[in-house]
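Protein chains get the first letters and strands the later ones, always in sequence-line order, with residue 1 at the start of each.
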There are 2 protein chains.
Amino acid sequence: MQIINYAYLCCCNGNINQKKRRSAQKMLQKLQQLIPFEERAVGRRVVLLPAGKVADSVFYIQSGLLRESFVEDGKDITVQFFFEGQAVASIESFWNGKPSEVAIETVEPSVLKVFKKADIQAYLEQHPESGITIAQFAYSRMINYYHLFLSRIKDSPEKRYKLLLEEYPEMVARIPQHYLASYLGITPVSLSRIRSRK
Amino acid sequence: MQIINYAYLCCCNGNINQKKRRSAQKMLQKLQQLIPFEERAVGRRVVLLPAGKVADSVFYIQSGLLRESFVEDGKDITVQFFFEGQAVASIESFWNGKPSEVAIETVEPSVLKVFKKADIQAYLEQHPESGITIAQFAYSRMINYYHLFLSRIKDSPEKRYKLLLEEYPEMVARIPQHYLASYLGITPVSLSRIRSRK
DNA sequence: TCAAAACGATAACATTTGTTAATAAGTCAC
DNA sequence: GTGACTTATTAACAAATGTTATCGTTTTGA
């Protein structure tokens, strides 16, 4: 059971539906009794993990809104958003111990539960079946990025905005437009135009 | 050792450098002594796995050139190319047993070694340490898609073409231009223009 | 070998997005 | 509250790409 928990802890980021999110939250509640964590309240626009730093924590979002981003040619690009009930880490950095290519920061003031890598590792060592855990985690993350990838290359920015509006209206309503634009791969000006032409 | 082999069998797709490819090929040679396979010679434009079908094979490319693609709004979009010495499967379908979102087909006439899922599973069952194997496989695939994803959202089509020309000139030389265009996310007409203006 | 198909270049025009700038409304911190 | 900053809209123009079509050339497959 803990195996699934951990898979969810690290996997349930990305745009997931209500059912999946509730399921993941249940799992994460149990997990919080197994691995120690520290609660942390932060304001908006606080950088939790700067690009270039090695990730040593997983952030569970009690309340608030986070985003994963990077800067290329002076442009700020948003990769994903994360909401309450989800868990976030710069996964490649977290597992490799390499500097993160992406930054993680708050969009809104947030309350987080911070799990340290050392504590997670200690837990995994006590549970040898964690081999399956890691596989599930890595696999789910792969699927997540795969779908993000496909959505970017399949559709025009305009179509992607419309799909987002249909499927995740709460995202569109809540996320500042210039972040949404960088997530859609366009400029804020262009997003404003798309919105205005119906 | 077999663990790493299998990881490579499934991971060494994507644009990898010469060193990595040689290493992977060595691994795959050993692997061919462990898991039964069938050799298959096919012409160009042969669909090995149609979109919608469940993947039950991994294709090792003895010679030739394959591509992974899907059709959206009547447009044919190339996700990745695969060359000799690489192994290919529609990974999500292969592991989930779900219908594949993508098709796999030959670009050039190719000679393939076909490993059946049942044979791979039988091998994994005989080697309980395969837990690590699957993790490595899934993780590597994730990194692969992650970087494909980042390259798509970071750079303009023109910049991506130039980078491809610098890093993988053999790809540009060998792959028909209209496939390259769909890989870069543009029309053949637009690629032709980019090439002509320098 | 030869007809059909595939491929790539080019042109003309439409559409979309980027860029820069001005403006107005909203928010935050003091 | 108030001034500074942030955010979103709109306009005008530039740049890039899409769309459609034509035209040689090459390749393919029978």
TODO: Could you pull out all residues at least two apart from B/E158 that satisfy side chain to side chain contact (heavy atoms under 4.5 Å, CB included)?
DONE: B/S156, B/K162, B/I194, B/R197

Length of the line joining [X]:[atom1] and [N]:[atom2], which is rounded to integer Å:
{"X": "B/E108", "N": "C/dC7", "atom1": "CD", "atom2": "P", "value": "12 Å"}
{"X": "B/I194", "N": "C/dA9", "atom1": "CD1", "atom2": "P", "value": "12 Å"}
{"X": "B/D73", "N": "D/dG18", "atom1": "CG", "atom2": "P", "value": "14 Å"}
{"X": "B/E158", "N": "D/dG18", "atom1": "CD", "atom2": "C1'", "value": "16 Å"}
{"X": "B/L184", "N": "C/dG8", "atom1": "CG", "atom2": "P", "value": "13 Å"}
{"X": "B/Y161", "N": "D/dT17", "atom1": "OH", "atom2": "C1'", "value": "17 Å"}

Looking only at side chains, do [X] and [Y] share a donor and an acceptor under 3.5 Å apart?
{"X": "B/S100", "Y": "B/S93", "result": "no"}
{"X": "A/Y183", "Y": "A/R160", "result": "no"}
{"X": "A/T78", "Y": "A/R67", "result": "yes"}

Pick out the pairs of N or O atoms, protein on one side and nucleotides 3-10 of chain D on the other, that lie under 3.5 Å.
unit_1: D/dT7; atom_1: OP2; unit_2: A/R45; atom_2: NH2; d: 3.1
unit_1: D/dT7; atom_1: OP2; unit_2: A/H178; atom_2: NE2; d: 3.4
unit_1: D/dA8; atom_1: OP1; unit_2: A/Q177; atom_2: N; d: 2.8
unit_1: D/dA8; atom_1: OP2; unit_2: A/Q177; atom_2: N; d: 3.2
unit_1: D/dA8; atom_1: OP2; unit_2: A/H178; atom_2: N; d: 3.1
unit_1: D/dA8; atom_1: OP2; unit_2: A/H178; atom_2: ND1; d: 3.0
unit_1: D/dT9; atom_1: OP2; unit_2: A/Q177; atom_2: NE2; d: 2.5
unit_1: D/dT9; atom_1: OP2; unit_2: A/S192; atom_2: OG; d: 3.1
unit_1: D/dT9; atom_1: O5'; unit_2: A/S192; atom_2: OG; d: 3.4

Task: Connected via hydrophobic side-chain network under 4.5 Å: B/V189 and B/V172 - done: no

Open item on the list: With a 4.0 Å limit, can you tell me whether B/T187 has a side-chain N or O closer than that to the phosphate oxygens OP1/OP2 of D/dT17?
Closed with: no

Open item on the list: Less than 4.0 angstrom between a side-chain N/O of B/R197 and OP1 or OP2 of D/dT17, yes or no?
Closed with: yes

- [ ] Return the set of residues passing ring pair (Phe, Tyr, Trp, His ring centres under 6.0 Å) with A/F37 (not counting sequence neighbours), or none when no residue passes.
- [x] A/F115

